[in-house]
Amino acid sequence: MPDTTDRELTFAQAVREALAEEMRHDSRVCILGEDVAEAGTPFKVLSGLVEEFGTNRVFDTPISEAGFTGIAVGAAMTGIRPVVDIMFGDFLTLTMDQMVNQAAKIHYMSGGKWKVPMVLRTTLGASRRSAAQHSQSLHAWLCHVPGLKVVIPSTPADAKGLLKTAIRDENPIIFFEDKMMHHKLKGPVPTGEYTIPLGVAEVKRVGKDISLIATSSMVQVALGAADMLAEIGISAEVVDPRTLWPLDEKTLIDSAKKTSRAIVIDEGYGRYGVTSELASVISEGAFYDLDGPVLRMGAMHVPIPFSPPLEDLTVPTEKMLFDAAKKLCSKS
Amino acid sequence: MPDTTDRELTFAQAVREALAEEMRHDSRVCILGEDVAEAGTPFKVLSGLVEEFGTNRVFDTPISEAGFTGIAVGAAMTGIRPVVDIMFGDFLTLTMDQMVNQAAKIHYMSGGKWKVPMVLRTTLGASRRSAAQHSQSLHAWLCHVPGLKVVIPSTPADAKGLLKTAIRDENPIIFFEDKMMHHKLKGPVPTGEYTIPLGVAEVKRVGKDISLIATSSMVQVALGAADMLAEIGISAEVVDPRTLWPLDEKTLIDSAKKTSRAIVIDEGYGRYGVTSELASVISEGAFYDLDGPVLRMGAMHVPIPFSPPLEDLTVPTEKMLFDAAKKLCSKS
Amino acid sequence: MTPQTEEAVNMFSKELALHAYRQMLRIRMFEEQVNELYTRALMPGLAHLYSGEEAIAVGICEALKKEDYVTSTHRGHGHCLAKGATPNLMFAELLGKEAGYCHGKGGSMHIADPATGNLGANAIVGGSMGIATGAAFSSKYLNNGLVAVCFFGEGALGQGLLYEVLNIAQLWKLPVIYVCENNLYNEYTHYSETTAGDICARATAFGVKAETVDGQDVQAVYSKAKQLIDDARAGGGPAFLLCNTYRYTGHHVGDINREYYRTKQEEQEWKTGRDPIQLHGERLLHEGFTDKATLDALESEVREEMKAAVEFAIATPYPALEEVEMHVYA
Amino acid sequence: MTPQTEEAVNMFSKELALHAYRQMLRIRMFEEQVNELYTRALMPGLAHLYSGEEAIAVGICEALKKEDYVTSTHRGHGHCLAKGATPNLMFAELLGKEAGYCHGKGGSMHIADPATGNLGANAIVGGSMGIATGAAFSSKYLNNGLVAVCFFGEGALGQGLLYEVLNIAQLWKLPVIYVCENNLYNEYTHYSETTAGDICARATAFGVKAETVDGQDVQAVYSKAKQLIDDARAGGGPAFLLCNTYRYTGHHVGDINREYYRTKQEEQEWKTGRDPIQLHGERLLHEGFTDKATLDALESEVREEMKAAVEFAIATPYPALEEVEMHVYA
Ligand SMILES: Cc1ncc(C[n+]2csc(CCOP(=O)(O)OP(=O)(O)O)c2C)c(N)n1
Ligand SMILES: Cc1ncc(C[n+]2csc(CCOP(=O)(O)OP(=O)(O)O)c2C)c(N)n1
Ligand SMILES: [Mg+2]
Ligand SMILES: [Mg+2]
């Protein structure tokens with residue numbers, strides 16, 4: 001990554017820049033989704049792209065998630081590199097057959113003959129007062145499916161570099177963006193051309209007493225908790241896997257081996273979720289170096305409620321993580 | 001459970017008997033699915049039901065999994081107790097919106113006002129030479145969703161007792177049947193009326209050196225491995241959670257505490273799968289009693305191949321489990 | 001005003017006509033308050049206003065029994081009110097309060113109420129099509145004579161689920177009415193860019209009878225709906241009703257700058273020339289069912305009703321924190 | 001035989017007619033061997049035979065270019081062969097062998113072959129509708145003049161996905177032909193129990209032109225297909241072609257006792273009165289394109305071709321075990 005970090009972009013701007021660069025660079029890259037053109041999506045992530053690339057590259061679709069995702073699969077097989085926009089991650093439910101039974105399996109079922117180079121961008125994350133059908137973080141489902149790759153960036157710079165890599169990849173990839181980060185999270189983004197390989201975790205903060213393994217929206221939470229922990233003399237390391245498949249198991253395990261304690265934190269549901277896998281990987285890989293069990297923090301196991309005081313209880317906070325980390329460190 | 005176990009039924013017969021009893025007992029119980037009536041499903045699990053109950057209770061549907069699942073949701077809200085038949089678990093992809101965004105959330109979103117008492121029966125399991133789109137075990141997805149319950153019986157007796165409970169439950173429940181067990185697995189089934197509560201694991205074999213936590217098709221595999229282990233002097237306990245949500249965490253943890261070693265085995269994909277959750281639960285709950293990491297065995301992380309010698313590599317076997325258990329026991 | 005059969009006009013009695021007017025006004029004034037709550041930053045999240053489309057919900061619900069079922073959408077306040085919901089409990093829900101219809105857990109897009117047959121608004125476009133059809137399935141199974149109405153926007157025509165359930169409803173002759181509210185826009189995209197062919201033909205292709213009606217004319221909506229509902233109740237099977245309409249404001253309360261997808265002139269034409277409340281008010285005056293002063297008084301009365309409901313909602317408490325883990329399972 | 005325009009008949013030249021005959025015969029003989037493999041317990045799993053429906057795949061694929069795309073179904077052998085697949089590699093696939101089209105990883109329901117534009121058979125009913133439409137999207141995007149054909153059974157009319165992509169294909173004028181093979185049964189259920197309304201109207205409702213053709217008449221299929229394909233290639237947009245047909249044997253090779261869902265008499269009537277190969281053979285004789293002896297010789301030749309292919313497949317090895325983890329990712 002070039003180190004000209006002389007400017008800051010929001011997460012949304014970084015995503016848009018990645019798309020614009022890849023669309024300039026490769027005329028096969030196009031965008032399909034609901035209200036992606038003139039409206040630039042309800043989240044305004046794609047604003048300006050249709051002005052530059054026109055409606056022959058940026059396609060407003062009907063409200064047919066299964067249909068246009070399926071079209072993207074066929075298009076990807078036959079020479080196009082579609083980037084599909086699924087507005088809310090909750091609507092992945094409608095695309096599961098196309099993504100899981102089709103996109104994920106075609107390369108394998110055809111003995112390697114057909115490829116499906118497509119990216120499906122979608123969102124995760126609660127806290128927008130959008131209630132149960134617009135607040136889910138369903139990435140665990142896709143991670144479970146061989147043939148798919150899952151990218152889940154936590155910073156504008158990662159979002160840009162990983163999205164560019166994803167678009168150039170030959171496989172179906174799901175790219176998750178936290179809705180709350182789009183405009184609220186700003187960060188340095190190099191100006192030059194760069195990509196970030198899939199499957200490489202990043203240590204976002206170095207520490208020695210405990211490893212906080214965090215994804216997407218939870219990376220900021222972990223960094224906040226690490227600050228709080230520092231104040232009481234606990235040095236927390238924050239590790240972001242950045243992609244959940246491929247998964248950089250080694251970096252996670254090494255961090256836990258070094259610190260001897262780990263907490264995994266992710267905004268998806270805790271049960272049968274991403275945290276279970278990451279915790280298991282660490283438990284298996286670092287068992288004999290661990291001073292305590294690997295703990296998991298995810299969304300409370302309830303449909304996300306609308307009512308603000310209730311919704312706020314469902315997502316892990318810096319304080320919750322701080323408390324859990326403090327307790328774990330005091331135990332041994 | 002009454003202990004008149006003077007007869008043996010196949011898994012399919014036990015399922016059919018549960019349905020017939022519940023349909024006799026409650027006229028609101030009805031069946032919807034493809035080829036469920038005269039054909040009795042391609043697996044012949046429902047043979048005979050339409051003869052007894054007629055086409056006003058057993059409904060052949062068009063090939064519209066989303067549609068008739070959605071209809072079942074609405075019917076369940078308004079006084080019916082539908083049992084939906086989704087022929088292959090692979091087709092759950094098509095029902096995800098209805099099950100996840102609708103059925104699972106309606107009770108919560110309505111503040112407890114509406115209920116969705118429905119059962120969706122479907123299948124899991126490979127080894128039928130049916131290839132990638134007819135061999136998946138996707139139960140992990142549903143376990144991840146608050147509001148759903150997931151039942152995954154391993155014996156004819158459990159299937160009958162759990163299905164009856166599921167039909168009487170007030171919530172949406174997914175009931176997974178291993179296709180290979182339908183006609184191949186026979187077992188004692190009490191003749192009297194009985195039900196089995198959800199959320200109660202069963203120790204299928206008592207042991208003291210290692211806990212094999214197994215689900216559905218893998219319970220027989222675990223029992224077979226336990227026999228092999230016994231021959232080399234290792235006493236394995238086999239625990240079947242029977243329902244994945246609610247989950248009887250205590251029985252799992254207690255077993256692992258007792259034996260100090262555990263392997264979790266499930267036919268779903270190992271990664272981001274059911275085994276990750278069960279292993280995490282045990283690791284957290286029994287950490288200080290464990291002599292080694294909780295290991296996980298699941299389907300190989302590939303789309304299921306058609307070719308028999310390849311397909312056979314993808315599903316855990318007694319031998320694989322035996323080897324892993326032996327190694328784990330020798331370590332400490 | 002579309003031409004009406006004499007019978008249809010007669011069905012729409014004075015009492016009904018006056019009630020329909022009041023109901024439309026209540027929806028309009030309700031939404032006025034919702035917008036106000038948003039502007040004053042008192043409402044969490046967003047809401048999708050039904051203003052301009054009132055004649056549809058009211059025309060149809062006036063033709064339903066209280067026990068009949070409806071399913072609604074993200075733009076659901078009008079359907080809920082027309083089916084009999086109480087504004088106090090709705091506003092409380094919109095503010096996430098314990099007193100709300102769903103204890104504050106649902107919010108604007110999920111108001112549900114068994115007491116009025118409201119199976120729930122739904123934030124998944126097309127998400128309730130199966131549910132409404134399933135309620136009709138129950139009705140037939142239990143032989144209880146109830147009818148289900150499924151409201152949805154023309155954007156939901158893009159969801160394959162509709163065609164799956166149309167087919168089944170017709171095969172099984174289920175008493176369900178699919179009501180398509182074509183307000184010309186899917187969010188920020190004109191429906192002509194997303195909708196090929198002929199809308200009603202999408203129903204008739206499955207053998208489902210389809211009718212089109214002026215969605216700004218409450219009497220026209222009522223009389224068409226009445227025929228279709230009575231017919232469904234009598235075992236005549238499902239129907240599809242296309243209602244042409246317009247939403248006056250943004251896709252949601254935050255959608256303020258709309259010029260990039262529709263002109264102010266277009267909005268103005270609908271508001272002045274085709275307002276369902278105004279048109280129906282003129283009819284009431286013309287028929288001599290009421291006078292201008294009474295209508296003006298009614299408007300004040302209803303506005304006060306809604307203001308009071310808002311005050312109730314603001315004053316009433318949030319749910320206890322323990323509520324968060326309640327109602328996950330029944 | 002359906003009436004044909006003179007032009008259409010002329011398009012179907014002697015060479016084409018003879019080739020179509022051979023192709024249909026090859027499919028029939030291929031399936032004969034598949035059944036044999038099943039009976040002899042040499043084939044893993046099941047297979048769905050295309051016997052009786054040959055005129056559809058052949059009539060349509062004769063009207064396609066080699067580079068044009070097709071998507072197929074669980075009943076896919078006929079489509080694959082008609083599009084140019086080699087029986088050796090197909091049988092090898094059916095037996096799960098390394099030499100198979102998919103290295104044995106796909107099996108009967110997943111044969112795919114870029115060299116013949118075969119995007120893949122699909123074991124999800126309706127599962128390939130998006131894919132075929134997407135290939136047509138590429139064609140238009142890349143302006144390469146290719147057409148995509150989506151084959152599916154009438155059972156797939158139950159899948160909502162069809163209506164989603166019909167709408168989009170029409171909006172975007174994509175060169176895709178949706179070919180519905182109505183063989184009267186969804187597995188073990190007559191289509192009349194699962195299919196309300198009018199099949200072609202389900203396409204025309206979206207503005208997609210639709211035609212019906214006798215699926216037992218290869219010439220009729222060819223000439224309708226040719227028109228629709230040429231039109232799509234020229235930018236005329238999508239089309240829907242309903243082909244009425246019949247499957248001679250069970251839903252799959254193991255479906256032996258069929259009396260509970262259809263009569264032997266019905267089967268017999270189709271086989272004797274409407275066999276596509278026999279009808280076309282008679283036409284060839286009538287036109288003087290060939291003689292009986294040549295046709296008989298052809299049958300033996302093709303049967304030998306298929307037997308040899310089976311022998312090849314039996315003799316060829318399974319994939320190496322390492323293959324199991326290959327091709328998960330590109
Ligand atoms: C399945 C799904 N896709 C997309 C959305 C996002 N969305 C919410 S409302 C809407 C437009 C709906 O248009 P229409 O059905 O015409 O209803 P209107 O808003 O005009 O009343 C969209 C795309 C959604 N909620 N659900
Ligand atoms: C989505 C889905 N649902 C159900 C099935 C099981 N199934 C396989 S073939 C079939 C019947 C298909 O009928 P049709 O489309 O008419 O094709 P045909 O077999 O008659 O050629 C069914 C229900 C499936 N493979 N996929
Ligand atoms: Mg609209
Ligand atoms: Mg058929």
Side-chain angles (χ1 to χ4, degrees), chain C residues 124-131 133 136-137 140 150 152-174 176 178 180 182 186 189-210 212 236-240 242, chain D residues 124-131 133 136-137 140 150 152-174 176 178 180 182 186 189-210 212 236-240 242:
Chain C
I124 300 295
V125 166
S128 67
M129 290 160 170
I131 294 171
T133 312
F137 176 85
K140 183 154 186 199
C150 179
F152 54 89
E154 86 295 340
L157 294 167
Q159 291 287 319
L161 180 63
L162 174 62
Y163 309 96
E164 299 193 4
V165 298
L166 278 171
N167 185 44
I168 298 177
Q170 178 64 18
L171 285 167
W172 297 351
K173 291 261 175 272
L174 304 180
V176 50
Y178 300 96
C180 178
N182 183 1
N186 309 175
T189 300
H190 194 267
Y191 89 104
S192 59
E193 290 177 46
T194 61
T195 318
D198 175 66
I199 293 179
C200 282
R202 295 183 182 199
T204 54
F206 293 89
V208 174
K209 59 183 163 299
T212 304
F240 184 96
L242 173 61
Chain D
I124 300 295
V125 166
S128 68
M129 290 159 171
I131 294 171
T133 312
F137 176 85
K140 182 153 187 200
C150 180
F152 55 90
E154 86 294 341
L157 294 167
Q159 291 288 320
L161 181 63
L162 174 62
Y163 309 95
E164 298 193 4
V165 298
L166 277 171
N167 184 44
I168 298 177
Q170 178 65 18
L171 285 168
W172 296 351
K173 291 260 174 271
L174 303 181
V176 51
Y178 301 95
C180 178
N182 183 3
N186 309 175
T189 300
H190 195 268
Y191 88 105
S192 59
E193 291 177 45
T194 60
T195 318
D198 176 66
I199 294 179
C200 282
R202 295 183 181 199
T204 53
F206 293 89
V208 174
K209 59 184 161 297
T212 304
F240 184 96
L242 173 61

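Atom set for the values below is all heavy atoms of this structure, side chains included, hydrogens, waters and symmetry mates excluded. Every value quoted in this text rests on a predicted model; they were computed, and no experiment measured them. Sequence lines set the chain letters: A, B, ... in the order given, protein chains first and strands last, and positions in each chain run from 1.
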Legend entry - pair C:F137-C:V176: side-chain heavy atoms closer than 4.5 Å: no
For chain C and chain D, give me every donor-acceptor pair shorter than 3.5 Å, distances to one decimal.
| residue | atom | partner | partner atom | Å |
| --- | --- | --- | --- | --- |
| C:G160 | N | D:E164 | OE2 | 2.6 |
| C:E164 | OE2 | D:G160 | N | 2.6 |
| C:N167 | OD1 | D:A196 | N | 2.8 |
| C:N167 | OD1 | D:R202 | NH2 | 2.8 |
| C:N167 | ND2 | D:T194 | O | 2.8 |
| C:T194 | O | D:N167 | ND2 | 2.9 |
| C:A196 | N | D:N167 | OD1 | 2.8 |
| C:D198 | N | D:A205 | O | 2.9 |
| C:R202 | NH2 | D:N167 | OD1 | 2.8 |
| C:A205 | O | D:D198 | N | 2.9 |

Inset, instruction - Could you tell me which non-hydrogen atom of C:V165 sits nearest to which non-hydrogen atom of C:G130, and how far apart they are? - result: CG1-CA, 4.0 Å
Inset, instruction - Go through the steps for C:L171 and C:F206 under the test side-chain contact (heavy atoms from CB on, under 4.5 Å), then give the verdict. - result: CA-CA 9 Å; C:L171 285 167; C:F206 293 89; over 6 Å; no
Inset, instruction - Could you check which of D:A196, D:A169, D:A201 has the highest count of heavy-atom pairs closer than 4.5 Å to chain C? - result: D:A196
Inset, instruction - Heavy atoms only: give me the nearest D:A136-D:L174 pair and the separation to one decimal. - result: CB-CB, 3.9 Å
Inset, instruction - Calculate, to the nearest 0.5 Å, the distance between atoms CG and CG belonging to D:L161 and C:L161 respectively. - result: 12.5 Å
Inset, instruction - To the nearest 0.5 angstrom, please state how far the SG atom of C:C150 sits from the CG atom of C:L166. - result: 9.0 Å
Inset, instruction - Output the option from C:G207, C:C200, C:A203, C:G197 having the highest count of non-hydrogen pairs under 4.5 Å with chain D. - result: C:G197
